[in-house]
Trainee: 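Can you keep this structure in mind? I'll have questions shortly.
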Amino acid sequence: NGSDFTATNVKFQNNKANAVDYGGGVLYSSAATGTMKNVEFTGNSADVGGVTDLRSESQLTISSCIVNGNSATQFGGAFYAYDVQWIYVP
């Protein structure tokens, strides 16, 4: 982790993280900067953060995205954030 990431004009559907106590059906990030634009997240799941599990000073910008039907068994049905710098949703 710690790498920057970008997702644009894509669809993430029915992904599952199998890690216990961690997650991000689509993304687990620690100390990284990311952008998600025009992305659809549908039916993703994890123990923590059905779509993303963001930790340790991560930064995320989300714009024009669709988030529907994602789930987590512990925390953050769609987005889980712990000790992050910011999540920006314009």
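Numbering of residues begins at 1 and proceeds along the displayed sequence. The basis for the numbers below is simple: all heavy atoms, side chains too, and nothing from hydrogens, waters or symmetry mates.
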Trainee: Listed by chain and number, what are the side chain to side chain donor-acceptor pair (under 3.5 Å) partners of Asn14, not counting sequence neighbours?
Mentor: none
Trainee: Between Arg55 and Val48, is the side chain to side chain contact (heavy atoms under 4.5 Å, CB included) condition met? List the steps.
Mentor: CA-CA 11 Å; Arg55 299 177 187 237; Val48 178; 3.9 Å; yes
Trainee: Tell me, please, which residues at least two apart from Asn70 pass side chain to side chain donor-acceptor pair (under 3.5 Å).
Mentor: Asn44
Trainee: Return the set of residues passing side chain to side chain contact (heavy atoms under 4.5 Å, CB included) with Asn38 (not counting sequence neighbours), or none when no residue passes.
Mentor: Asn9, Ser64
Trainee: Rounded to the nearest 0.5 Å, what separates atom CD1 in Ile66 from atom CZ in Phe41?
Mentor: 10.5 Å
Trainee: List the residues meeting side chain to side chain contact (heavy atoms under 4.5 Å, CB included) with Ala17, not counting sequence neighbours, and say none if there are none.
Mentor: Ala46
Trainee: Return each pair, listed once, that meets ring-ring contact (aromatic ring centres under 6.0 Å, His included) where at least one residue sits in residues 42-69; pairs must be two or more places apart or across chains.
Mentor: none
Trainee: Should Leu60 and Leu54 be marked as a side chain to side chain contact (heavy atoms under 4.5 Å, CB included) after you check the CA-CA gap, both sets of side-chain angles, and the distance that decides it?
Mentor: CA-CA 9 Å; Leu60 176 63; Leu54 303 172; 3.6 Å; yes
Trainee: How long is the gap from SG on Cys65 to CZ on Phe12, to the nearest 0.5 Å?
Mentor: 10.0 Å
Trainee: Just list the side-chain donor-acceptor pairs under 3.5 Å for residues 71-82, sequence neighbours left out, or say none.
Mentor:
from: Thr73; atom 1: OG1; to: Asp47; atom 2: OD1; distance (Å): 2.9
from: Gln74; atom 1: NE2; to: Asp21; atom 2: OD1; distance (Å): 2.9

Trainee: Using the test side chain to side chain donor-acceptor pair (under 3.5 Å), find all partners of Glu57 that sit at least two apart in sequence or belong to another chain.
Mentor: none
Trainee: Tell me, please, which residues at least two apart from Tyr88 pass side chain to side chain contact (heavy atoms under 4.5 Å, CB included).
Mentor: Thr61, Trp86, Pro90
Trainee: Do Ser45 side-chain atoms and Gly50 backbone N/O form a donor-acceptor pair below 3.5 Å?
Mentor: no
Trainee: Closest approach of Thr42 and Glu40, non-hydrogen atoms and distance?
Mentor: OG1-OE2, 3.1 Å
Trainee: Roughly how far, to the nearest 0.5 Å, is OH of Tyr28 from OG1 of Thr52?
Mentor: 11.5 Å
Trainee: The criterion is side chain to side chain donor-acceptor pair (under 3.5 Å); which residues satisfy it with Ser63, sequence neighbours excluded?
Mentor: none
